[in-house]
Amino acid sequence: VRPSLTSPASTALSEAPGLAQIFSAFAKIGLTSFGGGLSGWMMLEFVQVRRWLSETEFLSGLALAQAFPGVNVVNLSIWIGFRLRGGRGALVAALGMIIPPVLTAMLLAALFSELAHAPTVHIMLAGIAAAAVGLSLQMGLRAAWRAATGTMPILIIVITFAAIFIAGLPLIWVVGAMAPLSVLLAYLRLRRQGDAS
Amino acid sequence: MTSGSALWDLFAVFAPLSFLTVGGGQSVVADIHRQAVESYGWMTDAQFLDIFALSRITPGPGSLLVTLVGWQVRGVLGALVASFAIFVPSTVLVYTLARVWQRYNGRLWIRAIETGLTPVAAGMILAASCTILRAAEGGAWAWGVAILSTALLLRTRISPFILLGGGALIFLVALR
C-alpha cells in the first residue's frame with residue numbers, strides 16, 4: 001500500500017533520534033540560518049520533515065522559549081532536545097546550535113581583520129548593518145503590535161523604550177524595574193478577566 | 001590591564017546580559033554597545049559597527065556579536081569566554097524552568113509571565129534598533145536603508161539575504 005499524506009501512518013511520529021543525529025540536525029539549522037525566521041524553519045524540519053515531535057509539542061515549546069530569558073532559538077533547541085532525549089538531548093541540541101556558528105564567527109573575524117582597512121569592505125559592512133537593523137526593527141514592531149492590548153502595556157513599551165534610548169539608563173535597571181511591574185499588571189488583568197468570564 | 005582581568009571583565013559584562021536577552025538577542029545590543037565602547041573602551045564606535053555587521057552576516061543564533069566582542073578584546077580565549085558567559089547562564093535557567101513549566105502549564109501566573117514580558121521585550125528591541133542607527137555611519141542613508149528594509153520585511157516574504165546584500169550595494173553606490 002502506498003503511503004499517502006492523509007494516512008495515519010504518515011502522521012505518526014518517527015522513533016526518537018540518537019544524540020549524534022540530534023547534534024547534526026541542529027548544527028545544520030545553526031549553520032544555514034541567516035538573519036531570522038529560524039523558528040519557522042525549525043518547525044518545518046523537526047515537525048513536518050523529520051516528525052520528531054508533534055506540532056502541539058513544538059508550539060508550546062516556542063511559547064516557552066520566547067517567554068524566558070536567553071536567545072529564543074537556543075531556548076527552543078533545549079526544549080526540543082529535552083523532549084527527544086532528556087537532559088543529554090537538551091545539551092547536545094544546544095551545543096549543535098551554538099558551537100558551529102561560534103567557530104564560523106571566529107573564522108570570519110580572523111579573515112575580516114585582514115580586510116578591515118579596505119574602505120570598500122567597510123562601506124559594505126555599514127550598509128549590511130543598516131539593512132540588518134530592519135530585521136530587529138520589524139521584530140520590535142511586531143512584538144509591540146502584539147503587546148499593545150491596552151493602556152498599561154503601551155505605557156510599559158514607551159517607558160522601557162525611553163529609559164533605554166533617550167535616558168540611556170543601564171538595561172539591567174530598566175528591566176529590573178519594568179519586568180516585575182509588567183508581570184504583576186498582567187497577573188491582575190488576567191485574574192480580573194478570569195473573574196469576569 | 002592584565003590579560004586575566006580582561007577575561008574576567010568579559011565574563012562580568014556578558015553573564016548578567018545572558019539573563020536579560022529576550023527574543024533573538026537584539027534586545028541587549030544597546031547595552032553591549034554602551035559597555036564595550038563607553039564603559040570599558042574596548043573599541044571605537046566604528047569598530048563596534050563593523051563587528052555588528054559581521055555578526056549579522058554570520059549564520060546562527062544572533063548573539064554572535066558577543067563572540068566577536070570577545071575576539072576583539074582577547075582573541076580566541078576572549079571569544080570563548082564571552083560566548084560561554086552569554087549562552088550558559090540563561091541555558092541552565094531555561095533548562096530548569098522547562099521542567100517546572102511542564103508541571104504547571106496553563107496556570108495563571110505562568111500566563112502572566114508570558115503576557116507581562118512581551119511589552120518590556122518590545123520596548124527593549126525597539127530601543128536597541130534605534131541605538132544602532134544613532135551610531136551608524138551613513139547618516140540619513142542608514143535610516144533610509146533601515147526603514148526600507150523594515151517595510152519590506154513587514155509587507156513581503158523577502159529573504160533577509162537579499163536585504164543585507166541590497167544594503168551593501170546601496171551604500172557602495174551612494175557613499176563610495
Side-chain angles (χ1 to χ4, degrees), chain A residues 30-36 64 67-75 78-79 82 90 94 97-98 101-102 104-106 108-109 112 123-140 143-144 147 153 156-157 160-161 164-165 171-172 175 178-179 182-183 186-187 190, chain B residues 19-21 23 25-26 30-31 49-50 52-53 56 58-61 63-64 67-68 71 79 83 87 90 94-95 97-98 101 108 111-116 118-123 125-127 129-130 132-133 137-138 142 145-146 149-150 153-154 160-161 163-164 167-168 170-172 175:
Chain A
L31 279 177
T32 46
S33 65
F34 292 86
L64 175 101
F68 282 108
V71 182
N72 59 18
V73 179
V74 176
N75 290 351
I78 291 165
W79 173 267
F82 183 72
M97 183 53 81
I98 293 169
V102 161
T104 310
M106 283 163 62
L108 271 177
F112 178 74
I123 288 172
M124 286 174 74
L125 279 176
I128 289 170
V133 170
L135 287 168
S136 49
L137 205 53
Q138 64 101 19
M139 187 167 70
I156 299 227
I157 296 171
T160 307
F161 175 83
I164 299 168
F165 180 63
L171 192 59
I172 194 156
V175 177
M178 299 309 286
S182 182
V183 168
Y187 180 84
L190 286 170
Chain B
F19 295 113
L20 294 178
T21 312
Q26 301 317 305
D31 210 57
L49 285 166
D50 279 352
F52 176 73
R56 301 318 303 259
T58 309
S63 287
L64 296 172
T67 305
L68 295 171
W71 170 277
S83 309
F87 286 123
S90 67
V94 166
Y95 176 69
L97 288 173
W101 200 265
L108 184 61
R111 284 189 290 136
I113 291 170
E114 272 185 347
T115 318
T118 325
V120 179
I125 295 166
L126 291 174
S129 312
C130 294
I132 287 288
L133 281 176
E137 283 178 63
V145 166
S149 119
T150 306
L153 284 164
L154 287 173
F161 247 155
L163 285 180
L164 301 187
I170 289 175
F171 267 52
L172 205 56
L175 297 175

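Fair warning: this is a prediction, and the values are worked out from it, not measured in the lab. Chain A is the first sequence line, chain B the second, and so forth, proteins listed ahead of strands; every chain is numbered from 1.
Here the CG-CD1 distance, from B:Leu49 to A:Ile128, works out to 12.5 Å after rounding to the nearest 0.5 Å. Rounded to the nearest 0.5 Å, atoms OG1 (B:Thr115) and OH (A:Tyr187) are 12.5 Å apart. Distance check: A:Ile164 CD1 to B:Cys130 SG gives 11.0 Å after rounding to the nearest 0.5 Å. Here CD1 of A:Ile157 is found 7.5 Å from CG of B:Leu126. Values are rounded to the nearest 0.5 Å. Put simply, CD1 on A:Ile98 and CG on B:Leu64 are 9.0 Å apart, with the number rounded to the nearest 0.5 Å.
Proximity to chain B (any heavy atom under 4.5 Å) is shown, for A:Leu137, by both the backbone and the side chain. Only the side chain of B:Phe87 comes within contact range of chain A, judged by heavy atoms closer than 4.5 Å. Interface remark: A:Val102 contributes backbone and side-chain atoms alike to the contact with chain B (heavy atom separation under 4.5 Å). Using a 4.5 Å cut-off between heavy atoms, B:Ala142 contacts chain A through both its backbone and its side chain. Looking at A:Ala90, only its side chain comes within 4.5 Å of chain B, counting heavy atoms on both sides.
Across A:Leu190 and B:Arg111, no two heavy atoms sit closer than the pair CD1-C, 3.6 Å. Nearest heavy-atom pair across A:Ala186 and B:Ala112 is CB-O, 3.6 Å. Contact detail for B:Ser129 and A:Val133: the closest heavy-atom pair is O-CG1, 3.8 Å. What you find for B:Gly167 and A:Ala131 is that their closest heavy atoms are CA-CB, 4.1 Å. Here the closest non-hydrogen pair linking A:Ala105 and B:Leu68 is O-CD2, 3.4 Å. The minimum heavy-atom distance linking B:Glu137 with A:Ala126 is given by the pair CB-CB, 4.4 Å.
For the set B:Leu163, B:Leu153, B:Ile170, the count of heavy-atom pairs under 4.5 angstrom toward chain A peaks at B:Leu153. Between chain A and the residues B:Ala146, B:Gly123, B:Pro119, the most heavy-atom pairs under 4.5 angstrom are made by B:Pro119.
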